[in-house]
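In this text the structure is predicted, and so the values were computed from the model without any measurement.
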Amino acid sequence: MKFIADLHIHSHYSIATSKQLIPEYLDYWARIKGITVVGSGDFTHPGWLKELKEKLEPAEEGLFRLKEQFRPQAHSLPLPAPTGQTRFMLTAEISNIYKKDGRLRKVHNLIFAPDFETAEKIQSALAQIGNIASDGRPILGLDSRDLLEIALNCSERIFFVPAHIWTPWFSALGAKSGFDSIEACYGDLSDHIYAVETGLSSDPPMNRMCGFLDKYTLISNSDAHSPEKLGREANLFECGLSYSDITETLKGRDGGRFLGTVEFFPQEGKYHYDGHRKCKVCWDPLQTLQNDGRCPVCGKMVTVGVMHRVARLADRDHTEMPDGQPPFYSLIPLKELLSELYRSGPASKKVSEAYLQLIKKTGSEFNVLLHWPLDELSRVANELLVEGLRRMRSGQVRLSEGYDGEFGRIRVFDEKELRSISSQTKLFAPAVKETETAYNGMRHIRFDIAEYRRLFERKRPKQLDLVEVLNEKKEAQRKTHPLLAPLNREQRAAVEYESGPARITAGPGTGKTRVLTTKIAWLIKVKKQEPCHILAVTFTNRAAREMRERLQIMLDSPEQSQALTVTTFHALGFRLLQERIEETRVIIDETEKQRILLRELDCPVEEVKEQAARITRFKQTLTGPEKSGHALYQSYQRFLDAQRLYDMDDLISRPVFMLRESPDFLEQIRERYRRILVDEFQDINEAQYQLLRLLAPPPRPDLFVIGDPNQAIYGFRGASAQFIPRFAEDYPQAAAFTLHQSYRCSQSVLRASHNVVASGPMLKGLQEGVKITIAPQSSDKSEAEFIARRIEQMLGGVRFFSIDSEVSDGQSSEELQSLGDFAVLVRTSRQMRLIEKAFADHSIPWQSAGDELLFHKEPLRSLLDILRFTDQPDHPYLRKKWTSLVGQEPSAMVGELGALPLKERITRIAALFFAREFDGKTDRLEALLQFAGDFSGDVKEFLQAVTLGSSIDAYQPDSDRVALLTLHAAKGLEFKCVFIAGCEDGLLPYALSGTSPADTEEERRLLYVGMTRAQKYLILTHSRRRFLMGRSLRMRRSPFLDAIEKELIDLYKSTYTKSPSKDTGQLNLFG
DNA sequence: TAGGATCGGACCGTT
DNA sequence: TCCGATCCTA
Ligand SMILES: Nc1ncnc2c1ncn2[C@@H]1O[C@H](COP(=O)(O)OP(=O)(O)OP(=O)(O)O)[C@@H](O)[C@H]1O
């Protein structure tokens, strides 16, 4: 018999699907559509499988139908086909996310199963690998090939299909995380693949450009996330009605005929062609190639679409269907067709009524679209519709391809026609008699693939990066000429303020850092100042590095940027000390400092922390040991001197003392650093301020500082925004600038964050933006899981045809293209662990920063002490370290080690003294070695970087990984989408410390800093329970969130509660 | 005297 | 939960 089958759908257990995806509705909608066999979807989900077993009964071999008692009796809706006619076949889709050949792969695969037993076997096999109960389409860290193997082991009769093969992010051949051939994906088991799913984003002619796909049957399914979407693509069979007949027919074996597929127009997809939506540039692959991928309007690389990917893999110069291939039918869903004719929405009443009428008359939607004789239809239907159907059936459509997030448009009439039609009813001659051939293979590929392939071969080397995401650096390079062009008027004024002291105070994202960087370049290039006389001070090495990189691009020669000093306060201080003081000293960290107080100076354990903090305070306020009258401080300082050590605070305070005492040295340094620029001025402390004041004495030095008092978040280390007004007092001649335009945050983000701090001027945002999401969660675990899923889902929004509007809550997130667009911010680095686990479970690549630097923790910490000693074998304190670590007095070995190059030395030390620590677990050692690789053997440089470094220094902005950062570490960064986890009273504001009192205002600013990292999407999560200090605590939502205006908030309601398995034993079984 | 087991306290942010 | 200090054993 002839019948239609839709074999890829989802159940209500899948994420972002309609609650109506239950057997009863599937049965009903399949009949409305005219589908005989519908896939069950999601058989990997225990809850769904249970539901299927409960509601279905066996029909033909391998097929099932709704049990009598679940069939609705008297139905208010029209029931065109006899109830119970729909057949179910067991199907599932699995999202495989894994690394292969060094790249992240995300491939979706379909499995058909012949019976419940097989489905259960597959289910229990997959339960070993990952969580199959949390999503109807489970995400498994499993190679596609291995999934195929597992399925085959469960039953030889399973049927396995690579799903929607061209979807860029989630498919076997996808541009972003797929392969270049089916074989590359499934390896030795490729022979078990008989069919591939073309998906909504491609149709048979596109696939036929790829001869390597000829051997597969091209099938098409709806991938429906709601019952109404059933059959938007489907398969036509002529064979027996059974599982075996269907799968054997797909294998091309005797007995059945595959009559082809019903297709969506792939041109309608948002990323079919290439181009730039904003610049209104839409290109086919050939045009893109001819232009080397560069947009003629803005000069950036265009966004590349699916067609381009197909063209890239094409091995044929034409799109002719090879002989013997089944036909296909490109259709427009009836409601959309009606919607065009009636010029009202597809969900409108008018359209729905007309739709029901037609279904009643003809029996099903497919009858209308495919078979029903038009002359017969014209008796009951509007002539316009008949003409529309005629045109659609014969492929006479007007289409414009989608590109760069813009949907394509498929129309059967043009505007003029529609307008004239609405005024006159009878326009058309009676419907033209259509012929059989009109159905066959309408090709709408409108560029020359042969020419593309020729050109591509010619340009191959240049084209390799075409698909790569735009490179920021190239962009900057292009824009810097002329230097001031990328600045607004306020910013320019600040740059061009030529001499004398000045400050900018302005809010987040107003371009303060950009102004500072541009100013340096401007001073050198336009004002011809010597770079060696310019000093720029930042707070982190990362900020310094970023600024150096920017300047390297902006300046003409590498010599110029080399001559500049861009550094942190601490590195600057250390440099000054080294310059002036002969003896080489070693810098110790906080841990070492406390160890000294405890072990060497007999400070009682319970006092160590407090005493250490007191000493820090003395130093940060420039109170010397004598003046302090503090005995322990005095003996501590004596110890440091005797052992040739500096602690962190010495790096600021000592240079101040030194410069005060040596006027000639001071003069020399002032002469050198004639112009000083300071970023993040709100986070400066007394000692740092005094150092600056010494280097740039009032009244009129060329000192330029920028900051934002609302972003002051380092009060705990003595910093205070009070130094901003203090600066104004000490330098009365200073000019004050401010900036009002935020180039980062949307208006909603700005408003909400402004609500939180309630101070400072309200900035102007670039766009209105979208609402802020507040998502309550039940536990810290589910919070982490929520974040991982949300990221997946938002990136998934990039998937073509996220037409099911439920998927993205009406918020399109198509500009989220890379994992690097996401950041998750936390108050404490402890919170990171669970989130990291969730990322690992979902195979989401991430980078963390904010936790203590790996190199400051054992065993690397001790290893580095040994390394330091080999570099300074006469150092008294390091000598002690060696003796206690190695277990004997230093010997000739020290010299031998010292003679080795850096990396070998590290390896050797590890092998000699840390063999056990690194036994089998060399990842930390490797990290150290890799870091060492950046220093081309300069041991001292390396050691300084290790000592003064922090984990944020290793942050790589363009690495396509989610950033997991503490709020502190996120300062100065920006992301399209920001999550702030743990917005709970007690955590943010933090109030769990016994020692230091809570500073609510600083905590508030911390949240402000976090929120203003977001360009567009901001998601604040909090959980009712949290595991802290070994105990599970009840948490309330952070009171800070209460200040945010209600209309800016989108309160997230969990959709998971619909899964009843949550509170029963199920989770334990699979979690 | 090295290295494992046990115990108890911290409890955040960083150069 | 985790880390370090201390205790304990071979
Ligand atoms: N005139 C401008 N035109 C377009 N974009 C700009 C302009 N000025 C700055 N930007 C962009 O705005 C963003 C924020 O700039 P920047 O990091 O310099 O701000 P900031 O004031 O230092 O922020 P924060 O206070 O959060 O550190 C950056 O992406 C920057 O490239």
Side-chain angles (χ1 to χ4, degrees), chain A residues 537-544 567-574 587-591 593-595 598-599 605-606 608-609 613 616 619-620 646-653 655 680 683-685 687-688 691 711-719 780-781 825-834 837 849-853 856-859 861-862 884-888 913 915-917 919 944-953 965-971 982 986-999 1002-1003 1005-1007 1009-1010 1026-1033:
Chain A
V537 186
T538 62
F539 274 81
T540 61
N541 296 301
R542 177 194 62 75
T567 186
T568 64
F569 267 108
H570 287 81
L572 171 69
F574 189 49
I587 303 165
I588 58 168
D589 64 7
E590 187 63 23
T591 314
K593 174 186 183 186
Q594 296 185 11
R595 216 172 267 174
L598 182 75
R599 303 233 180 102
V605 213
E606 62 277 11
V608 168
K609 276 211 141 60
T616 289
K619 293 188 178 182
Q620 283 176 350
Y646 292 131
D647 67 16
M648 284 299 189
D649 306 309
D650 284 337
L651 300 185
I652 311 297
S653 59
E680 311 282 12
D683 286 323
I684 205 167
N685 66 29
Q688 289 162 333
L691 179 59
Q711 295 189 62
I713 53 175
Y714 283 100
F716 68 92
R717 66 176 198 209
D780 43 6
K781 264 210 190 101
L825 310 184
V826 292
R827 176 67 242 265
T828 71
S829 51
R830 280 287 169 88
Q831 290 168 259
M832 291 185 177
R833 227 157 259 141
L834 278 177
K837 184 175 176 312
D851 201 0
E852 201 174 345
L853 200 62
H856 295 174
K857 291 197 278 201
E858 296 293 0
R861 184 188 171 81
S862 290
S884 80
L885 284 166
V886 174
Q888 50 185 297
F913 311 119
R916 216 169 43 83
E917 282 83 349
D919 184 33
Q944 179 181 330
V946 163
T947 312
L948 293 182
S950 71
S951 55
I952 188 65
D953 301 339
L965 311 168
T966 57
L967 288 161
H968 284 90
K971 191 167 74 159
L987 196 59
L988 184 63
Y990 191 87
L992 299 163
S993 166
T995 45
S996 56
D999 181 345
E1002 180 152 315
E1003 297 291 317
R1005 292 191 294 267
L1006 203 45
L1007 177 60
V1009 169
R1026 180 170 301 278
F1027 229 75
L1028 279 168
M1029 292 181 263
R1031 289 186 318 124
S1032 175
L1033 301 179

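Here Tyr990(A) pairs with nothing under the ring-ring contact (aromatic ring centres under 6.0 Å, His included) rule; sequence neighbours left out. With sequence neighbours left out, Asp647(A) forms a salt bridge (charged side-chain N to carboxylate O under 4.0 Å, His left out) with Lys619(A). For Leu834(A), the side-chain contact (heavy atoms from CB on, under 4.5 Å) test picks out Asp780(A), Lys781(A), Ala784(A), with sequence neighbours left out. In this structure, the side-chain contact (heavy atoms from CB on, under 4.5 Å) partners of Ala543(A), at least two apart in sequence or on a different chain, are Thr538(A), Thr540(A). By the side-chain contact (heavy atoms from CB on, under 4.5 Å) test, Gln688(A) pairs with Phe539(A), Phe569(A), His570(A), Ile652(A), Ile684(A), Asn685(A), sequence neighbours left out.
Note on Phe539(A): only backbone sugar-phosphate atoms sit closer than 4.0 angstrom, heavy atoms only; bases stay farther off. Contact annotation for Arg830(A): base contact, defined as any heavy-atom pair under 4.0 Å involving a base atom.
Following rounding to the nearest Å, Lys609(A) (NZ) and dT14(B) (C1') show an atom-to-atom distance of 14 Å. Here dA2(B) presents its P atom at 13 Å from CZ of Phe913(A), a figure rounded to the nearest Å. Spacing between atom NE2 of His968(A) and atom P of dG13(B) amounts to 9 Å, rounded to whole angstrom units. What separates OH of Tyr714(A) from C1' of dT14(B) is a distance of 6 Å, to the nearest Å. Note: NZ (Lys971(A)) to C1' (dT14(B)) measures 10 Å, nearest angstrom. A straight line from CD of Glu680(A) to P of dG13(B) spans 19 Å, rounded to a whole angstrom. Nucleotide dG13(B) holds its C1' atom 15 Å from the CG atom of Leu1007(A), rounded to whole Å. Nucleotide dT14(B) holds its C1' atom 12 Å from the CG atom of Asn685(A), rounded to whole Å.
By the 5.5 angstrom centroid cut-off and the 30-degree plane limit, Tyr990(A) is classified as not stacked against the base of dG13(B).
A donor-acceptor pair under 3.5 Å is absent between the side-chain atoms of Arg1026(A) and the main chain of Leu1033(A), judged by distance alone. With hydrogens and angles disregarded, no donor-acceptor distance shorter than 3.5 Å links the side chain of Asn541(A) to the backbone of Thr568(A).
Taking every nucleotide of DNA chain C with any atom under 4.0 Å from a non-hydrogen atom of chain A, the first and last of them, 5' to 3', are dT1(C) to dC2(C).
The phosphate of dT15(B) (OP1 or OP2) has no side-chain N or O of Thr947(A) nearer than 4.0 angstrom. In this model, the phosphate group of dG13(B) is not approached by any side-chain N or O of Thr828(A) to a distance below 4.0 Å at OP1 or OP2.
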